[in-house]
Structures are given as structure tokens and as C-alpha cells.
There are 2 protein chains.
Amino acid sequence: MVTVHDVAARSGVSIATVSRTIRAPHRVTESTRDRVLEAIRELGYRPNRAAAGLRGGRTGTIALVVPDIDNPYFSSLTKGAQASSRARGYGLVVVDTTELAQVELDEIEAVAPQIDGLILVSSRLDEAALAEVAAEHRCVLVNRTLEGQDETTPTVTVDEGAAARAAVEHLAELGHRQVAYVGGPARSWSQTRRLRGIRDAAAVIDGFAVTDLGAFEPTAQGGRAAAQAALDSGATAVIAYNDLAAMGLLARWAELGVRVPDDVSLVGFDNTYVAELSAPHLTSVGADLREVGETAVELLMERIDGAAAATPAHGVHRELGAQLWVRGSTGAPRA
Amino acid sequence: MVTVHDVAARSGVSIATVSRTIRAPHRVTESTRDRVLEAIRELGYRPNRAAAGLRGGRTGTIALVVPDIDNPYFSSLTKGAQASSRARGYGLVVVDTTELAQVELDEIEAVAPQIDGLILVSSRLDEAALAEVAAEHRCVLVNRTLEGQDETTPTVTVDEGAAARAAVEHLAELGHRQVAYVGGPARSWSQTRRLRGIRDAAAVIDGFAVTDLGAFEPTAQGGRAAAQAALDSGATAVIAYNDLAAMGLLARWAELGVRVPDDVSLVGFDNTYVAELSAPHLTSVGADLREVGETAVELLMERIDGAAAATPAHGVHRELGAQLWVRGSTGAPRA
DNA sequence: ATGAAAGCGCTAACAA
DNA sequence: TTGTTAGCGCTTTCAT
């Protein structure tokens, strides 16, 4: 292992100068700097981030904590974060909590000392635990806000209201008036906002009725389970809590001989890549997931770099716009 | 931040005893141990893994390096690794290399000092670079072997030959004799093995012919691009390089009015979760991906714990069996 | 069985 | 501008 000492010896300077050459190049004469840089290259020196963090408080690494990496929503978001942090010279470590609050807490505490900050995506922690984590670590929240007086934790959310509205208006324009909603986990943060968004959007359209089919698993299985009920509801179009559930509806309907969009239209949420796997492709509403990841990193960087500097006392909250991605699963209702 | 000093003060012992209580409990009297353990609980002390690694060489963390986390193959494998490492008390950090060899190399060198070992999945490094990484770091290879004299690096592979054979035999039993293969990236390690496996299996079946359609992107788009050619080949069944490509074939065929499995049967590779997203569900061959991840962690653990101990001079190579997952996309050929 | 002390690789005062 | 030095939190001899 090559250390600062090796580089120092090789270039005939002290270890402090080596460190400075990396962290504050302007504080070193050009000639020495060149010499040190060359030694670094020759020796293949790489600073030990753990050691740097131990002493200086900066590790050059951030962590992204997700509930389930094996879910296209989170993996796409992760891609965005990865690209963004890399572009800024930061390392990114991904942690999967398997949807468990306790695991989430454990892992956060375990990695915390080794990183400069963390991004919590769709945290499964309860308010109290989340507030404590947010208070003790430099972090950014995604898809979740801290209720109450917290104005200090940067947050990235997607405008679920706009997404829901886009779905409803799209269907209304196509001529639909009877729509069924296949919901996700009842207590979920997104579910609440999505259902309300749909209701609000529907309310301002003449003669537009929405039937809430209740809570289903946010998976293809959940979608399959809802397929018959959706049909029975008499709706000409269905909105699903997420793309995975929509895929389940699509598959089950195909087995039942129901054609999409001829017999019924379908819209998913999140615009994950699975929306382009089906036949027909799935119309979906949502933000650009990679952009969500990028934005979270951006906010965290501001928090880190401008630590003492221009950090506003109030937190930064970014609500990302949602778009409608029209694909083959939506069309005019049967005459 | 709670440190060993806080715990030591609280329990009236030295920091050395605190450390021992954690790393070598049997070297501490039961009464003192209890006292220390209680202080740890009360204070909520968590050892700083980075610091531990700096001094002792053990960080309690391992890294999993994948080319693209936004690919169901890797994300499922990651789940397995995550569960397994957690069960063993190790932290797991996931690194996404965006398919780039240079990024892979950079990230490996950056995290290396902070971890006890790493798992390289489907490494994009060339032989020379990979050999060097394997020599300098404690690592396990997945889906890749080091050619030549290396007998020292543990490796996990999937029996692609068995997978290919399972696909071919399944189709043969159904009555198919004309099969087309939609290939993946020409130079890919898996592609080579899969094609050969299919050829070998076909060779021993009377009158069984395989048409190689050539290289396509290992994505839904790639599958779509191959759809027409697959039909034109006159095959009654198609095997795709992976599930994603198979999904593309399925979708394009649906648009073309081709029915699966009535008009043509389809088999994918890898058995990722997307195989259960389509209508009909996709028959696929492959190993249990989570098991692949678990096995890799297991091998790495053996390498770490038994460092000096019973480590055989020759490496450990585990080839995981592949299974056939029969779903709706395969059936008898049209009479 | 326990404590004192050295030092892992690095950064940040402080001196020079 | 550069070097010296004191630790960051921890593990690990070496004493006791």
C-alpha cells in the first residue's frame, strides 16, 4: 500500500506538502506540486479515504440508502445518484435495507462515520427515528418529508399531484369518465398523495368518476389480484399505484382475453423501465428517476461544501415535476 | 459521537478492555464484560469501522461491484449478497461501474482500503487488469474466470451449459426441431458459453437444428430488433440471450399479431423477475440469482476468516446449477 | 485479566 | 511556502 510517506520520500518533500498538493494545490509552489504529482502518478498513490475521514472529517464518500435495490424505481434512481456523485468526484455506496426500519437504522449508524453525508430514499423509519437521524447526520430525504417544525433537512419529492393530474387529464381527454384506481399500501406516503391527487383532478372534470379499489401489493402479484375487481367496477380505464402493479393487471387481463387499450385503458405510476417491457407498452406518469437521484446528490453536495458557508437556515425543498409518458396502453374508450 | 473512551470512562475500565470486550470477549472477565456491554448499550456506542480498519486491518465491510445496478440480473444478485453478508455481521456496500472498465478500476482502488474484501460481478476489466486486482486485493469473481495459471481466486459461475441444455431439451420434448437463437454481445463471456451450450445440446438430439441469428443488444430493444428475423428463420421456437431481450421479442410479436406459445415458443436466460411480468409469463433458464450472491459472499468470508488458516492454496470454484423455470411462453409447436 | 502506549494513514494547526 | 507535530478512533503488543 502506497502512503503519503512514500510519495513524500520519492518527491523529497514532507507528508504535509503531499497532503496539501491534493487538498489545497494553490498552497503549494508549482514546481513542488509538479514533482509531487509526478511521484503520485509513478507510485500509483491513492489517498485512503477512511484515514482522511478519521482525521479531517471528509471522506469523499456519500451513502445512498434504499429500501429495495431489486425494484426498478430505486435502481434507476440509484443510477442517477451514481452518475452525479461520480461527476463531482465523490464515491457513492449503496445500502439496501430490505424494507426494514431496524436494518435501516443499523446500517445508517454503521456507515455514518465513514461518509460525508447520506441520502435516505423512501425511508421506512418512523417520524421520531427519522428526525433523530436527520438531526445527527448530514442528510437529504427523498420521497419523504419531516413533519412539524423541521425546516432544515433538504428534501426531494416528486409532484405526485401533478402526476395524478396528468394521468386523469390524459384519460379524460381520451374520453374516459369512469376510472378505477388500484391502490398501493394503505399507509404509504406516496399512496396517500397519489389517491388525493387523482381525486382532486377528477373533481374538476365534469362527470368524471373515480372508484377506489382499495389497497394491493405494489407488485405484479398485487396487480393480478386486482384485475378482476377492476373489470367488475365498470371502469373504462384503470390507474395503478405503480408500474409493477400495472404490469400484473396487464398480464392477468391478457389471460382473461381482455384487450388493452381496446377494452380498457391503463396508466401506471413512476415511469420505470418496466413500462417499456410490456405489449402494449405502458403509459405511465412520473418524474425522471435519474433526475431525482441527481437532484438528491446535488442538494447533499450543497449541504457539504457550503457547510458553514451560504447554507440557508431553512432547508431546501425541491419538488420535481412529473410528466406523462404516453404509450400504447391508453386509448379512447370503447364506443 | 460515542467513542471507546466514553464507554471506558462509563464502565471504569481502559479503552483496551472495551476493545477486547468486542473483538475477543473470552479474554475479559465475565463481570467486567457485563459492565462494559451495559455501558455500550446505555451510550449507544457503535465501533467506527473505518478506524478499526485503519489500525487492525478489519473493517467488517465488503464491497460488491456490479456493472449496472439498474439491471434485474445484478440487482437480484445484490439482494442475495446483501442478505448473506448481513447475516454474517458484515456491512455491504454496492458500487455501480456503469459498464466502464476505467470506472471499475477507479472505484475498486478507492474503496479497497476501507473494506475487507470485494466481489467483482461480471467484471468488465481485461485479463491483465483483472489479474492485477485479484492479486492485490482479497476478492471473489462472479461470472468470470481468470484464464491461465490462476488457481487462487475464488470464483462463482453458473453452469451455462446446463442452462442451455435445459432450454434445448425442454423445447425438444415439446416437439420443436427448428430453433432460433437471438444472441447477446458477441464478445461477452456468457454469450460464448450460452451459444456453445445450445449447440452442444442440439447436436445430440436427432434432427434438431439451431439457427444463430447473430448479436443483438441484451435489452428489450435488442429483442424487438430481432423479432422479425426470428420469425423469418422458420423456427418454431426461439431462445433469447437474456430475459430482457426475450421481453422485447414478446412485445414486438404481440404487435405483429404473433401469438406465444401458439405460433412460436420462447425461452429466456437468467430467470430474472421480469420473466413474471409478461403475458404469458416467460419460460427461462438460469440459476437462482440470490443464491449466486449468497455464494459469492460465502466464499469471500472463507477467504477472510480463514485468511492464514485452512485456506487451500488452490482457489475455490463453485459452479452453480441452472434450472428450467417453465412458464407460459413455451408449448408444443403448431401442428 | 487488565492497562499503557504505540501507531494505522491522514489532515490541520502551528512554526519556521 | 514548507515542515513539524498532534491527534482522529481504534486494535494490539507488551507490561503489569
By salt bridge (charged side-chain N to carboxylate O under 4.0 Å, His left out), which residues pair with Asp96(B), not counting sequence neighbours?
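With sequence neighbours excluded, Asp96(B) shows a salt bridge (charged side-chain N to carboxylate O under 4.0 Å, His left out) to Lys79(A), given in chain and number order.
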
Using the salt bridge (charged side-chain N to carboxylate O under 4.0 Å, His left out) criterion, which residues pair with Glu99(A)? Sequence neighbours excluded.
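Checked Glu99(A) against salt bridge (charged side-chain N to carboxylate O under 4.0 Å, His left out); matches are Arg124(A).
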
Quantified as the angle between the terminal helix axes (five pairs each), what is the overall bend of the helix from dA1(C)-dT16(D) to dA16(C)-dT1(D) to 10 degrees?
40°

Find out whether Val93(A) and Leu64(A) are in side-chain contact, i.e. whether some heavy atom of one side chain is under 4.5 Å from a heavy atom of the other.
no

Do Thr61(B) and Gln114(B) touch side chain to side chain, with heavy atoms closer than 4.5 Å?
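Thr61(B) vs Gln114(B): side chains apart.
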
Any base atoms under 4.0 Å from Arg20(B), or only sugar-phosphate, or nothing? Heavy atoms, all strands.
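Contact class for Arg20(B): base.
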
Positions of residues 38-56 of chain B (non-hydrogen atom under 4.0 Å from DNA chain C), listed by number:
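Contacts with DNA chain C under 4.0 Å: Leu54(B), Arg55(B).
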
Range on DNA chain C touched by chain B - first to last nucleotide, heavy-atom distance under 4.0 Å
dA1(C) to dG9(C)

Side chain to side chain contact (heavy atoms under 4.5 Å, CB included) against Leu141(A), all qualifying residues, sequence neighbours excluded
Leu120(A), Leu130(A), Cys139(A), Leu146(A), Thr153(A), Thr155(A)

Return a table of donor-acceptor pairs under 3.5 angstrom between the side chains of residues 15-30 of chain B and protein atoms on other chains or two or more places apart.
residue: Thr21(B); atom: OG1; partner: Thr17(B); partner atom: O; Å: 2.6

Do any pairs count as a salt bridge (charged side-chain N to carboxylate O under 4.0 Å, His left out) and have a residue in residues 101-113 of chain A, sequence neighbours left out, and if so which ones?
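For residues 101-113 of chain A, and leaving out neighbouring residues, the salt bridge (charged side-chain N to carboxylate O under 4.0 Å, His left out) pairs sorted by first residue read Asp106(A)-Arg46(B), Asp106(A)-Arg86(B), Glu107(A)-Arg86(B).
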
For the residue pair Tyr73(A) / Asn143(A), report whether a side-chain donor-acceptor contact shorter than 3.5 Å exists.
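Per modelled atom types, Asn143(A) and Tyr73(A) side chains form a pair under 3.5 Å.
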
Which residues in residues 9-19 of chain B have at least one heavy atom lying under 4.0 Å from any atom of DNA chain D?
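Output list: Ile15(B), Ala16(B), Ser19(B).
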
Review item, side-chain donor-acceptor pairs of residues 293-301 of chain B, under 3.5 Å, at least two apart:
residue: Thr295(B); atom: OG1; partner: Glu291(B); partner atom: O; Å: 2.7
residue: Glu298(B); atom: OE2; partner: Arg318(B); partner atom: NH1; Å: 3.3
residue: Glu298(B); atom: OE2; partner: Arg318(B); partner atom: NH2; Å: 3.3

Pairwise side-chain hydrogen bond (donor to acceptor under 3.5 Å, both in side chains) hits with a residue in residues 31-42 of chain B, at least two apart
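For residues 31-42 of chain B, and leaving out neighbouring residues, the side-chain hydrogen bond (donor to acceptor under 3.5 Å, both in side chains) pairs sorted by first residue read Arg10(B)-Glu42(B).
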
Range on DNA chain D touched by chain A, heavy atoms, distance below 4.0 Å
dT1(D) to dG9(D)

